[in-house]
Enquirer: 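This is the structure I want to talk about, given as structure tokens.
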Amino acid sequence: METRYNHKEIEEKWLKNWDEQKNFKPRGTQCAASKHFSVVIPPPNVTGALHLGHALNNTIQDILVRYNRKLGKNTLWIPGTDHAGIATQAVVEKRLMQEEKKTRHDLGREELVKRIWEWKDEYETRITNQLKLLGSSCDWDKQRFTLDPICTKAVRHAFFNLFKKGLIYRGKRLVNWDTHLHTAVADDEIYHETVKGHFWTFKYPLADGSGYIPVATTRPETILGDTAVAVHPEDERYKQFIGKTLLVPFVNREISVIADDILVDKEFGTGSVKVTPAHDPNDYATGLRHKLPMLNILNEDGTLNENAGEFKGLKGEKARAAVVEGLEKSGLLLKVEDHEMQVGKSDRSKTIIEPYLSDQWFVKMDMLAERAMQAVESGEIKFTPARYAKNYLNWLGEKRDWCISRQLWWGHQIPIWYSSTRPNINRPDIHYFQAENGDWLVCSLEEDLDENSIEGLKLVRDPDVLDTWFSSALWPHSTMGWPGETEDLKEFYPTSVLVTARDIISLWVARMVVFSQENMDKIPFSDVYINPTILDGNGRRMSKSHGNGVDPLDIIEKYGADSLRFVMCSICTENQDARLPVKKEKQEDGREINISEKFEVGRNFGNKLWNAARFLKPHISSVESGELRVESLEDKWVLSRLNTVIRGVRNAFENYRFSEYASLVYHFVWDDLCSRYLEIKKGEISKESSTLLSHSLYTALDLLHPIMPFITEELNAILFPNSERVILREWPSADENLINAEIEKQFEDIFAIVEAVRSVRGRYSIAPSQKITATIRTSANLESSRNMIKDLSGLSEFDFGENLQHPAFSASAVIPGGEVFVPLEGILNKETEIARLKKEIEKAESFITSLNKKLSNESFVKNAPVAVIDGERQKLATQKDIVEKSQAMLRELEQ
RNA sequence: GGGCAAUUAGCUCAGCUGGUUCAGAGCGUCUGCCUUACAAGCAGAAUGUCAGCGGUUCAAAUCCGUUAUUGCCCACCA
């Protein structure tokens, strides 16, 4: 074995081996545990490669999957990717523009979609590769894509069923329009920016020429789409105008003054509001209340249309400037003020969102949301950390209808065909409705209809596609073959746990519950674990769109997959964020990769384990024989520790406390096993005496496997070649009888002697090679631990006894129930000792003061539990002992 | 504006049911070691008004209120 763990070849070797042995596939229903364990991956978008946030998410899933596989459950993890509608189309269109100076219209729908498929193939391959190198034990034969035939079938069935039930409807609604991508975008695909704008006040002239109403606006170009001006019904200034007619400047359309106490705040601005129902959400609502005309003044690309008269063809700022100029020229402009406002921008195109009236498809959410809320309120679905349930409930509680249509080319095309005449057909797989505008909407379950598919009709397909979350919402059951009645659904549905990020709780988690209840009549998972968000060194969320993503393959290359996984696991605490500063490093071949000191812990730990195994290898004893030689205190101690850790790990898993799991195993291996037990056994190791050491390491490999699958499998193959592979063999269970607090305490007390001597060594810089002696004043019998104490503290010999005189010129240290003296004639420095003793005394005395204060407090003695009071008294005695002994030493030294 | 969190050592973070076994870990720093598993290591050491203020309690890093700063989610006024 090499002195250092070299991850590269070993990772390759085991990826191949596990794959060949089909270890990632379910073991079948005949396996030991009756329960199944299944997970579906939150499908990464094919917009780009994965970053460390995904690595975290998938590490946690893999840890759970490997753990449960070792528990003997029939285990399945389904991998896959998401077509991510608008996001993917946007990146491909962007590249098309950059590289070929072409728009999608230059290519046409078919060609663009072809290009996106090519992009998807490239990134799906990359993502899959990333996941594999991370060690993700997915069943790769079941890999899905939200746009593949299996998922497509599920989408068609889900849509058809909802349509038939009347839960999907079409209507004209005000949507967030991306004028660059020519599509509606969801509320949650918009971010808001504060910009410095203006607040223009102008005259709204009365039609009869008798005067005007002053109206203020931040968006003067929308004047052209005004269909009313609203005032507060109780505003004395404007009461007289209610019902009167105004003329829209420039276009001279007649509109009326309405009274509305919802829209209008008397105190704000001029107290009068222009109403543009087709281009503002509040005005839209007002329009509905007053049955106002909805006048659209925009084209799809955001330019003003023919309704804008002379301004037709202008867009955005230009349109605004022109309108302002026009107002000024005609003497209508009263005032311009600076005004800060929020502007909505599209996540995808970064351009300003225009509220826009168009035909869209919606899912009616009220009933569906209610049921999904129930599942969480009743505890049927449990969030970890629990606080995220609130997130879910708040959002669903709004019960807002879900706009599912997107004016894109990449996605599931809506399975609706329009007909102007009423269909006369009776087929179970075809359903139709009459829309608000009189059209007939024909929905087909599986067959793609063409123009003449149904006799007597001229059919035209809706060009829109579905919101990408529509297919994502089906993911847990679509991946398992719904609507088919598949074996997978029977065995693995519902899934066991969903591991995901908190920012998609509403977008995705909630909708999966909704669709699963609707389609399967079951919840899709009972547990939701929300993993922390990875931030970069500046505290910004790591994401593809921020461009601050770090490729996990960089980290794997530099530190190994196990190190990456170990650190990811350690990061998962109850907290919601984890900062991960990275820096660049140039490689020998000239490439630059991201590295981070954070991962050294994992690498060092792997190396530690590797070297422990390397040391043990010549002395290894077979673990299969089962005979453990448990003789000494340290043997009992290490067994107790081992079983404590096994129990702790189980508990950590049950509560999704991943960092606790990592920390438990880390400290067991490094501190208990390596620094202590192995050091104790080192001197006398043999095949006969190593049974317990072998057993402990063997078990540690099991405990560590979910976090560090590669190195554990490799070490197992080296040390225990006849054993079953770690990935499949049984998870260790704790033997409570071997957990012994008394033994652990005894051991710690003796170890305190070792530490006391070492501390003296440190104080006087005594080289480890220099043997020293000690006198230990204690009532304990140290005979059976003599060798251990000598070896670990570098003593050539020591005396112990209850009433020993301490040697002259000795440094001292207080230990539980006694004192350690190290004679250091010629080395001892009185000043050093005196200073140390004084400090020790000072510390103990301040402690004593606080303990005394507490114990002399009557209410404390009266109210605190007896155990606590006894504990405090015990502490007081210990501290008094320290002071007493230290002062005795001090007196001698000062003589 | 509503909600959720965070603030603990120079850095990144633990600290679950309140009680000096709770003030910790890793990195970094300092001292001494190439001790025949490991220098990616070993041994020792230093470092904190647990953000501020107030409250509850016999007892607060921990519970409550409040202020400040930071992050995220949701909703947004012409």
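When reading the values below, keep in mind they use all heavy atoms of this one structure, side chains included, and skip hydrogens, waters and symmetry mates. Here is how names work: the chains are called A, B, and so on, in the same order as the sequence lines, proteins then strands, and each is numbered from 1.
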Enquirer: Does a nitrogen or oxygen in the side chain of A:Asn863 sit under 4.0 Å from OP1 or OP2 of B:rC58?
Expert: yes

Enquirer: Between B:rA43, B:rA37, B:rG19, which nucleotide has the shortest distance from any of its atoms to the side chain of A:Pro865?
Expert: B:rG19

Enquirer: Using whole Å, report how far CZ of A:Phe599 lies from P of B:rU12.
Expert: 15 Å

Enquirer: Could you label the plane-to-plane angle of the A:Trp670 and A:Tyr666 rings as parallel, tilted or perpendicular, counting under 30° as parallel and over 60° as perpendicular?
Expert: tilted

Enquirer: Any side-chain N or O of A:Lys617 less than 4.0 Å from the OP1 or OP2 oxygen of B:rC38?
Expert: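 Looking at the OP1 and OP2 atoms of B:rC38, neither is under 4.0 Å from any side-chain N or O of A:Lys617.
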
Enquirer: Which nucleotide sits closest to the side chain of A:Glu660: B:rC16, B:rU20, B:rA78?
Expert: B:rC16

Enquirer: Run the salt-bridge test on A:Arg614 and A:Glu2 with the 4.0 Å N-O cut-off and return the result as yes or no.
Expert: no

Enquirer: Please pick, from B:rA78, B:rU12, B:rG19, the nucleotide with the shortest atom-to-atom distance to any side-chain atom of A:Arg579.
Expert: B:rU12

Enquirer: Using the side-chain heavy atoms of A:Ser765, tell me which of these nucleotides is nearest: B:rG19, B:rG32, B:rA75.
Expert: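 That would be B:rG32.
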
Enquirer: For the side chain of A:Asn575, counting heavy atoms from C-beta on, which of B:rA5, B:rA37, B:rA78 is nearest?
Expert: B:rA5

Enquirer: Do NZ/NE/NH1/NH2 and the carboxylate oxygens of A:Glu221 and A:Lys274 come within less than 4.0 Å?
Expert: no

Enquirer: Decide, yes or no, whether a salt bridge links A:Lys875 with A:Glu872 under the criterion of side-chain N to carboxylate O below 4.0 Å.
Expert: yes

Enquirer: Starting at the 5' end of RNA chain B, which residue's closest nucleotide do you reach first, A:Pro768 or A:Glu597?
Expert: A:Glu597

Enquirer: The side chain of A:Val601 lies closest to which of these nucleotides: B:rG26, B:rA37, B:rU21?
Expert: B:rG26

Enquirer: By nearest heavy atom, map A:Phe199 and A:Glu398 onto RNA chain B; which one lands nearer the 5' end?
Expert: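 Upstream on the strand: A:Glu398.
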
Enquirer: Which nucleotide sits closest to the side chain of A:Val273: B:rC13, B:rA78, B:rA46?
Expert: B:rA78

Enquirer: On the side chain of A:Arg761, is there an atom forming a donor-acceptor pair with the base of B:rA43 - under 3.5 Å, no angle test?
Expert: no

Enquirer: The side chain of A:Arg4 is closest to which nucleotide in this list: B:rA37, B:rA40, B:rA5?
Expert: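 From the listed options, B:rA40 comes nearest.
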
Enquirer: Among B:rU20, B:rA37, B:rA45, find the nucleotide with the atom closest to the side chain of A:Ser759.
Expert: B:rA45

